[in-house]
Structure formats: structure tokens, C-alpha cells
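Notes for the one structure printed next.
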Amino acid sequence: MPWPPIELPPVVGYTGPIMEQNQTTNPASTHWADINADKILRSRRLEQDQQAPTYVCASGITPSGTVHIGNFREIISVDLVVRALRDKGAKVRFIYSWDDYDVFRKVPKNMPKQEELETYLRWPITLVPDPYGKEKSYARANEVAVENLLVKVGIQPEYLYQADKYRASEYAQGMRTALEHRNTIRDIMNEFRSEPLPTDWWPVSVFSSFTNKDTTTILGWDGEWGLTYRCDETRKEETLDLRTTPYAKLPWRIDWPMRWAHEGVDFEPAGKDHHSEGGSFDTSKKICKAVYGVEAPVTFQYDFISIKGRGGKISSSSGEVVGLDDVLEVYTPEVTRYLFAGTRPNTEFAISFDLDVIKIYEDYDRCERVFYGIDTINEKKREKEVRIYQLSQVHEPMEAQPLQLPFRHLCNLLLIMNGDVQRAVRAFPEVGDLEEQGLLTEGWWEYAQNRARCAWNWLHSFAPEDFVFQVKSGTEDPEDLGAVYGAEAVDQARKAFHALSAMADTFETIEEKPLQDRLYNIARDAGLEPKDFFEILYRVMVGKTKGPRLAGFLKTLGAQRVRTILAPYF
RNA sequence: GGGCCGUUAGCUCAGCUGGUAGAGCAGCAGACUCUUAAUCUGCGGGUCGAAGGUUCGAACCCUUCACGGCUCACCA
């Protein structure tokens, strides 16, 4: 189906102050974010006269390609816990670590300039150029994309750039400590390895200053700051001073605990791939204690996310990934947060792009009505729903229940209005009334616009064919209805159309129910079975045998449009 | 081989810090001159994977087992 080219306003990003603290939080909340917040608070025993500490919550990933929605689960999980901590009155530092000093291992298939990128393999991603030529590096391009999106869902951590820190030798002492505990670290890692690390293994790695690649061999350490390596490609040797060199770094399983100690991290969750015995969290935890002398942070494991209902559009095997941007095309920021806030982190769930989308929006709306006390359910459930709603918000919730735009109905109105957001929203009768009374705030219009845009995107890209229709403009040639319904039926339909046009002026004032009754009468007066009349009318109006409930549909279209559509058939 | 998670109504799941088993969908019955996975009203339906244990009381805690899934032992 051809879609009219519609210029939609972009989803509005959130620019005001972030929602910081919620005074109404029930301290006994059993929401998983609150339970974890309590766990974090308990992990630091405070002496009587000790000042309230700042709790450090951390998250981070390697920006080595497009950041996908699975990665997003980690950062939103931390964000929710951070909110829970702040709601409990704790001071929190929320850090997000871009591991942009990691090695560029593989060129993702969805990147342009594949051949040029190939030449940078084994370099640190912070030195690989941005194939789009906009940012100062490949890593930075991926980072910027995510940082901009996170603002829209109300997540604003303090970003730490590991490449900058390593290259400025901020971790010189951390690396030296690792070297001093070389054997301890090797023993810990060997506990779980199938093949033990070789005797000439070193707990640091080096990028060659001659080639920028990590293809180097460490030859020795002087017991202080001097590290000697050989560049495998050029066979050149060099001694670096850890206090000044930009080239040294720690491998992952040592880098992680070193940073926990360096930043004093109190909480960091990790994916299930890290959370096995002998996995990276496990060995990092041991190294953290044995080498850096501090306890590993409180953690939990979050499960993977799958995608449902993008059949045919993007196959996951083609290497194309679903990112936060894709999710925000269909789900508003609040509903996106709702998906994660309402699901325990250690359960796998699917983000749906099919008909489930409607249900998710309906669930969210119900949650909102519970929050505002419109819908009543038992107290225990109410508390849980209220908490989920709070945690889903990007802005402060409004004082009273804002006017809801049910997703399904909004979809129909958008289809009737050919994607015109303003007209679709105003087709809700309540909108005009509330606007006159000055009860629709700017925030509400933002909500309406975001939701309408998501609905339109969904209709455009993912809704089943049965679900969508397009109102005929009245300029098309009349269809050859006679072949299908017979000349007599068409003749009768013509009569009915006349009658319908004649009463079109009453659309604005008549109730749906009486209008519906009139339609049946019109059909029978013209000698048609109502069923056939409806079918022919739908064919004329939307080119299909079915469509939106007629009474409401006609009222929404209005007398003028209905006449225009019917005119060619007189 | 180790670890983690799951097993609750026909289906998808909720039930979280032990207190009489819940929701949605499906099903059945009724209503609407009716049409979007139509709408509204009502109803039924579960030895909570199995066996033991702790407890006044267990879907929930402990032990063992069965089945399913994921993950680690290479890199991050």
C-alpha cells in the first residue's frame, strides 16, 4: 500500500531537569529496583559519626558497533536502581563507562566503507576513524548516537571515556599493582581455564607505538614503571614508562576490578554471560579482593532480550541489530521504560513489534489509571503498579490523570486523517473541550505527539495488513462494483449513497448509536441487505470490505469528506 | 563438566522477602439490527514438575530427583 508522504515532527527529546526524587515512595516497596537499592545501602555499613556516602553505580560497554537494545537493558537497569537509591535519600554517582580503548576486532556488516575500516583492525577503536566522517572516531560515533538517545528516555549518567583515562595514564598505578600481583592473578584465572596461562603471560597488554595495533609481545617489567615489549609486525622493541605512555592497558578481567577499586563502585549488574562461576564477574570479584583489596560491588544478572514481530523487515541473521532507536520508533520513552521497569531483570523477555504493541500501550494506560486512582485494584498490586509507573516516567507525573489517547483508536484516527497528527488528536472529542478549559498542558501535547508518531510508525512498518486502510480521496475512478455485486445492487447502493449524503450534515450532532440505526434503515430503504451495503460502502471508502466501525468513522470524516468520497458514484 | 534460570488454568505469564492460588487471551452462556485479534455481561477451569523436610501454616524456605533453557571454561 502506498503511503502518503507525511512530515512528522520528531519525537520530542527531554531537555528539562531530570526527575530526581520521589518523596512518595513507599519504603517497603518490593519492586526489584527498591530491593536492590536496599541491598546496596546495606553493603556499606556506616559508623555512627560517618558522613552519608555517595554510592557509585556503574554501567558500561564497548562501543564497537551499533549499540543494541540488549545493551540498553543494562543501562536502564542501573538507572532504575539509581532512581530507587535517590528516592531513599541516598547520594548517588551514576557512571557510564565507554570502553573505547578496546581493540577493533571485526568490522560490523552494517557499517559503510568496509574496506577502509578493515585496515584499522587490531587498533584501539578510539583511533579508528568514523566511517560517516562526522565524529572524531569510530568509537565516538557510536557513543554519540547512544548518548543522544538516552537523554530521551531520561537517562543522564556521567560518562567516563576509558581511552582518555588510559592514554592520560590515569591507571598507571592500577597497572603496576596488577604487574606486582602477576602470579596471584594468573592463579585466579587458571582456576577455571581449560588451558593454563603460559608462564610468560603478563596481566597487561600494549598497543604498538609503531603500528597502533595490539599485536605485541611483552618482554619484561622492571619491577617499577618500565614495561618492555616487541612489536610483532615491525620486530621493533621499546620500553614504556607506565606513568607517561598512552599505549598500555589492562585486559578485561583485570581492567574491570581495577576500575571498581578506582571509582569505588558499589553496584554494577552484568549480563548472564558474565555471571557464571569462572565467568568474568567471578574472576574479577576474586581479583578485586586479592589484588586491589576491596570488595566487588553488589550486582545482579540480567537476561537477554529478544525481538518479536519484525518478520520480513529485518532478519536477525542478516547482522542487522535492533537498537534503542528502533524501539523508540514504536514505543514512547515512558512506555519503553515501562517495559523494563515492569520486568524483573533476570527474566528473558521479547520486545514486540507486532499486535502486542497495542496490548503494551493498553497495559501502560491501565497502570497509569491505577497510579491516579481511577482504576482500583487490591492494595498490594496497586503499590507495585504505582511504583512501576513512577519508575517509567521521564518527567514528573502530572497532578491528575491526563487525558489518555487509547492506542488502538488513535491508530484508526491517524489512518482516517492520513497521518495528520494534529487532526487525529483533535478528533478525540474530549480534546476540544479540555483545550477550551485550558486543561491541556504543553507536556500533554508532547505526550500526544509522541504517542501519535509512534502509532503512525507502527502502522507504517509493522501493523498487519488487515489492520491498516487508506481513505479514498474521491478522485479515483469508481470501481467496477457491478461485477462483484451485480448491477442491481450497485444501483441500490447508489440510492443509499444519496440518502447518506443527504443526512451528512447531521453527522456532527447525531450520537453514534442512532446514526448506526439510520445506516441500517438507509440500506433497507434502498432494498439492500445491510451487510452488503456495508461492504460496498467500505469498498468505496477504503477499498476493502471491512473498515472501522461505520458510525464513528463517518462522524470523524465529517460531512464534507463523506460527500466528496461518494460523489463520483452518484 | 561447572554454574545460573525456569517448570503455576488450554496458551502467555503474575504471584519476591511463608498467611485461603490471580490476570490477560482462548473456551462456554447471554446481549447488541454490528464490523477492526469487534464490544458488553456472566461462568467454568489448576494434586502450583516429582518426592521428602522445616513450620501452626509452603507455589514461596531447605534437600534430592526429573525435564527444559541459557551460560562459562577463547576474547571482551
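Naming: A, B, ... by sequence-line order, numbering from 1 per chain. Heavy-atom basis, side chains included; hydrogens, waters and symmetry copies ignored.
Contact annotation for A:Asn412: base contact, defined as any heavy-atom pair under 4.0 Å involving a base atom.
With sequence neighbours excluded, no residue satisfies side chain to side chain donor-acceptor pair (under 3.5 Å) with A:Tyr338. Listed by chain and residue number, nothing satisfies the side chain to side chain donor-acceptor pair (under 3.5 Å) test with A:Lys555 (two or more places apart in sequence, or in another chain). Residues forming a side chain to side chain contact (heavy atoms under 4.5 Å, CB included) with A:His275 (at least two apart in sequence, or on another chain): A:Ala270, A:Phe281, A:Thr299, A:Gln301. A:Thr217 is linked by a side chain to side chain donor-acceptor pair (under 3.5 Å) to A:Asp232, counting only residues two or more places apart in sequence or in another chain. In this view, A:Trp458 satisfies the side chain to side chain donor-acceptor pair (under 3.5 Å) rule with no residue, not counting sequence neighbours.
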Check: protein-nucleotides 18-24 of chain B nitrogen or oxygen pairs below 3.5 Å:
residue	atom	partner	partner atom	Å
B:G22	O2'	A:Lys381	NZ	3.3

Protein N or O to nucleotides 31-34 of chain B N or O, pairs below 3.5 Å:
residue	atom	partner	partner atom	Å
B:C32	O2'	A:Lys513	NZ	3.3
B:U33	O2'	A:Tyr520	OH	3.0
B:U33	O2	A:Arg524	NH1	2.4
B:U33	O2	A:Arg524	NH2	3.0
B:U33	N3	A:Arg524	NH2	2.5
B:C34	O4'	A:Tyr520	OH	2.5
B:C34	O2	A:Arg549	NH1	2.9
B:C34	N4	A:Lys513	NZ	3.0

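The stretch residues 249-259 of chain A participates, sequence neighbours left out, in these salt bridge (charged side-chain N to carboxylate O under 4.0 Å, His left out) pairs: A:Asp99-A:Arg259, A:Asp102-A:Lys249, A:Asp255-A:Arg259. Residue pairs meeting the salt bridge (charged side-chain N to carboxylate O under 4.0 Å, His left out) criterion with at least one member in residues 345-367 of chain A, sequence neighbours excluded, are A:Lys308-A:Asp354, A:Lys308-A:Asp356, A:Lys359-A:Asp363, A:Asp365-A:Arg451. Within the structure, salt bridge (charged side-chain N to carboxylate O under 4.0 Å, His left out) pairs that include any residue of residues 280-289 of chain A comprise A:Glu191-A:Lys286, A:Lys289-A:Glu295 (at least two apart or interchain).
Helical stems in RNA chain B, defined as runs of 3 or more consecutive Watson-Crick or G-U wobble pairs with both donor-acceptor distances under 3.5 Å, are listed by first residue as B:1-7 with B:66-72, B:10-13 with B:22-25, B:27-31 with B:39-43, B:49-53 with B:61-65.
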Item to complete: Mark up nucleotides 68-75 of chain B, 5' to 3', with B wherever a protein heavy atom is under 4.0 angstrom from a base atom, S wherever such an atom reaches only the sugar-phosphate, and - elsewhere.
Response: --SBSSSS
